[in-house]
Amino acid sequence: MTLQQVVEEKQHRLLRRRHRPAPVRRVGRHDDGPPVPQRGLDNLLEERPATAAAPGMERQDQRSRIASLQVAGDGDRVEHLAVSGHVDCLCRDAGSRAGLGKCRGRHRKQRQDGGKLHSRDDSASGSGGVTVRTRFAPSPTGYLHIGGVRTALFNWLFARRHGGRFILRIDDTDQRRNVREALQPILDGFRWLGLDWDEGPEVGGPHAPYFQSGRQARHQEAVERLLAGGHAYRDYATADEIQAEREAAQRRKQRFIYSRRWMAETPAEAAAFESQGRRAVVRLKMPREGVCAFDDQVRGPVAFEWALEQDHVVQRADGSCLYHLASAVDDHDFEITHVIRAVEHLSNTPRQIFITRALGYDAPAYAHLPYVAEPGSAEKLSKRKLNAYLQHPDFRKLHEHGAAIMSALGESPPPQSFNPLVVEFYRTVGYRPEALLNYLLLLGWSLDDRTEMFTTAEMIAQFTLDRVNRSAASFDALKLLAFEERYMQRLPAEARVAAVVPFLQRCGALPPSPTASDLGRVSRVVAAAGERIRVAGDIVNYTDFFQSDRAFPYDEKAFRKRLRADGAAARLERFRAALETVEPYDAETLNGVMHRFVEAEAIPIGRIVHAVRVAVTGKAVGFGLFEGMEILGRAACLARIDRALEELERSAAERV
RNA sequence: GUCCCCAUCGUCCAGAGGCCUAGGAUUCAGCCCUUUCAAGGCUGAGACACGGGUUCGAAUCCCGUUGGGGACGCCA
């Protein structure tokens, strides 16, 4: 093929690409050219021949069958479907509400015009005048889970990017526990991370209450409207009867579909069942025909057959409402425009769409994020297996590192929250919240093939749902540590000192109100330690600089190896003599002293350096020895060497 | 079992038909530097699940297979 042909082909394709539906960020001027469905009805037919149409059907028949299904299930969208032949987006019509989320036919990542930077002029709020509103709905479990934070972060970023509002709603319909107590650590976690919420607990808002348990009246009202509209019915089946039907379906290897034998649609029917002593729950009367198709903001068009859906219970006999009803109603009441949540909710979406539409609400746009997987596996992270994950080598590393800091602090955090899968862990040990956020951002999202560090402002400016990945991502503890290191290294000196001081106080190395000279020493130690302090809590490795010369502990093993060696004590004593007169007492000079000493003694430097290090710091490892000696000062160094010599003498005496 | 979703180095991502001899990060290994431990520098190992199709050309589009995951509750 000639170059000319290649060029022509390329141009041809580019021309065609221009007619693709516009990406989200160009909303507002995307009505040029017809949308080209990439995964439209044709493909659905091909992909799902057995379910969407009977096997052996001709293409044309399949198409009309689908079209009729659409009619049954989908009312007013049908004409468009029949005409355009592609699955329309149920989430939001073009131009309505935020004007976001118009069906783009395809939601793969879109090439960004002119480089990687998005500008803010594409913000959704700009086009429709309606504020983007997202929510995160934690249940009060007592701790903030890493997977939940990722979901919350994406919601938060999306709202912030579009100048919208981020709402916290508490899903506490399961009220067995003390909600207040179980909620506090979650709110604390959000605050620590800097994920602020515009409406929700503690801050209130125009749609209060933000606790689901306080919204029962609204839910009740919705149930009544569902009933009145014929979208739900009272059902008098017992749990056992339903179970029997379910098992029968299982035996037939079919999906369970309720027979509606105990359905009561009229007062007379209800009375008849009640006379048998039965009590009613309220079930959705789900369509038994048609397709529920919607356009997921990260996964593209998705379709479910209504007939395969259950008549889900929305209200128990005692009047309490179930999650999906409550959620759909609350999302509407809170004017949520974008429901961004984990994929496990994808297959729950049809019933929520059903409830939403039956109630006459506009459906929000949906975006289903891939879940965060277990370390080294594709399985979803499970809160119940937190302890099991500690067996994973990378996790164990992180956990042990944290545990060592805790033990140096003399603290024993509760094991259920002292886990690298719980945000609290990172806070206790002294990670930077920005590092955690940055790591989590990249778990399922990326800007390009190299940008990795994002300030919060940059995240907000760059975040788009179309660059969210669709496959599960497993949590990599070591990579998170690597991010933490980078953030710590880039922290300005004062900030690093400030991060470290509380840890010194927690272990008693520093008084509650440290003096300027205390802080000066901290800052010198922090500077000398450099990259060795990866996590603020790592400062516990240098507490010897803050302890009295006679109190800091010696590492037994190092003491034995470096100071009990033949001739070590005598050498140390001679080196000590040299220290008495050095002037000035700084690292550079000390280095010179050491080298002259080594030369005079005709020994390799290793024979003396380690002995001095152990004598002066008690440890076998640490940062530059001479920097350390300078920080301690002459008097302390001499005192420490004297103490080491005394201990040597004493132990020698004991051995004799 | 039924439905839905997913599939690029061990892990996280890039890739939107030719810029791919597949790029970055992390991890791992080796070397250099060095008073220890780190850091740093350099080098290296390491992936398009498989099979068909479309095309001059496929990691990329289509179909199938396989594999993985999720949902099928009077849980949230």
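Lettering follows sequence order; numbering is per chain, from 1.
- Of the residues listed (R288(A), R261(A), R283(A)), the one engaging D311(A) in a salt bridge (Lys or Arg N to Asp or Glu O under 4.0 Å) is R288(A), and it is the only one.
- The base-pairing partner of C72(B), taking Watson-Crick or G-U wobble contacts with both distances under 3.5 Å, is G1(B).
- Partner assigned to G23(B) is C13(B), using Watson-Crick or G-U wobble distances below 3.5 angstrom.
- Rounded to an integer number of Å, the gap from R534(A) CZ to U26(B) C1' is 14 Å.
- In this structure, F463(A) has its ring center closer than 6.0 angstrom to the ring center of W445(A).
- We find that CD of E379(A) is positioned 16 Å from C1' of C5(B), with the value rounded to whole Å.
- The aromatic ring centroids of F475(A) and F395(A) lie less than 6.0 Å from each other.
- If you take atom C1' in C6(B) and the same atom in U43(B), they sit 36 Å apart, rounded to whole Å.
- In this structure, E485(A) places its CD atom 10 Å from P of U26(B), rounding to the nearest Å.
- For R532(A), counting side-chain heavy atoms from C-beta on, the closest listed nucleotide (A38(B), C72(B), C74(B)) is A38(B).
- Among the protein residues, F623(A) comes within range of the nucleic acid bases, having at least one heavy atom under 4.0 Å from a base atom.
- L398(A) has its CG atom 12 Å from the P atom of U27(B), to the nearest Å.
- Nucleic acid contact for H368(A): none, since no nucleic acid atom lies under 4.0 Å from a heavy atom of the residue.
- Contact between the side-chain N/O atoms of K380(A) and the OP1/OP2 oxygens of A71(B) is found at a separation under 4.0 Å.
- Distance check on atom P: U60(B) versus C74(B) gives 43 Å, rounded to whole Å.
- Taking atom NE2 on H401(A) and atom P on A38(B), their separation rounds to 13 Å, with Å as the unit.
- Backbone-only contact: A473(A) has heavy atoms under 4.0 Å from sugar-phosphate atoms and none from a base.
- Nearest heavy atom pair, residue A303(A) against residue V291(A), reads CB-CG1, 3.7 Å.
- Ring centroids of F545(A) and F623(A) are separated by less than 6.0 Å, placing the two rings close together.
- Atom CG of D235(A) and atom C1' of G73(B) are 14 Å apart (whole Å).
- Heavy atoms of F626(A) sit under 4.0 angstrom from at least one base atom.
- Distance noted for atom P between G24(B) and G41(B): 15 Å (whole Å).
- The P atoms of G57(B) and C48(B) are separated by 22 Å, rounded to the nearest whole Å.
- Residue G444(A) is classed as a sugar-phosphate contact, given heavy-atom separations below 4.0 Å to backbone atoms only.
- Nearest to the side chain of V621(A), among U36(B), C74(B), A71(B), sits U36(B).
- More than 12 heavy atoms of other residues, nucleotides or ligands shown are found within 6.0 angstrom of CZ on R316(A).
- Among the nucleotides C74(B), C4(B), C13(B), the one closest to the side chain of S446(A) is C13(B).
- Residues L346(A) and D296(A) are in side-chain contact: their nearest non-hydrogen atoms beyond the backbone lie under 4.5 Å apart.
- Residue K479(A) places its side chain closer to C12(B) than to any other of C12(B), A71(B), U36(B).
- Of all nucleotides listed (C5(B), U36(B), G24(B)), G24(B) comes nearest to the side chain of E452(A).
- Using a 4.0 Å cut-off, no side-chain N or O of R607(A) falls inside it from OP1 or OP2 of U35(B).
- Under the Watson-Crick or G-U wobble criterion, with both distances below 3.5 Å, A49(B) is paired with U65(B).
- No N or O donor and acceptor, one from the side chain of H345(A) and one from the base of A71(B), sit under 3.5 Å apart.
- R467(A) places a side-chain N or O within 3.5 Å of a backbone atom of S446(A) that can act as its donor or acceptor partner.
- Residue S347(A) places none of its side-chain N or O atoms closer than 4.0 Å to OP1 or OP2 of G70(B).
- Annotation: Q243(A), atom CD; neighbour count of heavy atoms from other residues, nucleotides and ligands within 6.0 Å is above 12.
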Identify all pairs in which a protein N or O lies below 3.5 Å from an N or O of nucleotides 20-23 of chain B, and state each distance.
{"from": "G23(B)", "atom 1": "O2'", "to": "R450(A)", "atom 2": "NH2", "distance (Å)": "2.7"}

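- Rounded to an integer number of Å, the gap from N348(A) CG to C72(B) P is 6 Å.
- Between G40(B) and U34(B), the two C1' atoms lie 11 Å apart (nearest whole Å).
- Which of G1(B), C5(B), C28(B) sits closest to the side chain of L346(A) comes down to C5(B).
- Taking the C1' atom of each, U2(B) and U8(B) are spaced 31 Å apart, rounded to whole Å.
- Checking G44(B) for Watson-Crick or G-U wobble geometry (two distances, each under 3.5 Å) identifies C28(B) as its partner.
- Here R246(A) lies in heavy-atom contact (under 4.0 Å) with sugar-phosphate atoms only.
- Among the atoms of the strands shown, none is found under 4.0 Å from any heavy atom of A611(A).
- Between the side chains of T349(A) and R341(A), at least one donor N or O sits under 3.5 Å from an acceptor N or O.
- Dashed line: the shortest gap from a side-chain N or O of S474(A) to OP1 or OP2 of C12(B) is under 4.0 Å.
- A side-chain N or O of Y389(A) and one of E374(A) form a donor-acceptor pair less than 3.5 Å apart.
- Here R252(A) does not reach the OP1 or OP2 of G1(B): none of its side-chain N or O atoms lies under 4.0 Å away.
- Closest approach to the R467(A) side chain among G15(B), C4(B), G73(B) is made by G15(B) (side chain taken as heavy atoms from C-beta onward).
- In this pair, W306(A) and F354(A) present their aromatic rings perpendicular. The plane angle is above 60°, beyond the 30 to 60° band.
- Rounded to whole Å, atom C1' of C13(B) lies 16 Å from atom CE of M453(A).
- Across all strands shown, C56(B) pairs with G18(B); the Watson-Crick or G-U wobble distances both stay below 3.5 Å.
- Nucleotides of RNA chain B nearest to L478(A) and A529(A) differ in position, and the one nearer the 5' end is that of L478(A).
- A donor-acceptor contact under 3.5 Å is not formed by the side chain of R470(A) with the base of C6(B).
- Taking side-chain N and O atoms only, N469(A) has a distance below 4.0 Å to OP1 or OP2 of A14(B).
- Which of G10(B), A71(B), C6(B) sits closest to the side chain of R255(A) comes down to A71(B).
- Here the separation of C56(B) from G17(B), taken at their C1' atoms, is 12 Å to the nearest Å.
- Checking A76(B), C74(B), C4(B) against the side-chain heavy atoms of V281(A) singles out C74(B) as nearest.
- Closest-nucleotide positions on RNA chain B for V609(A) and H312(A) were compared, and the one nearer the 5' end corresponds to V609(A).
- Across all strands shown, G622(A) has heavy atoms under 4.0 Å from base atoms, whether or not it also approaches the sugar-phosphate.
- Here L625(A) lies in heavy-atom contact (under 4.0 Å) with a base.
- Among the heavy atoms of the strands, none lies under 4.0 Å from R279(A).
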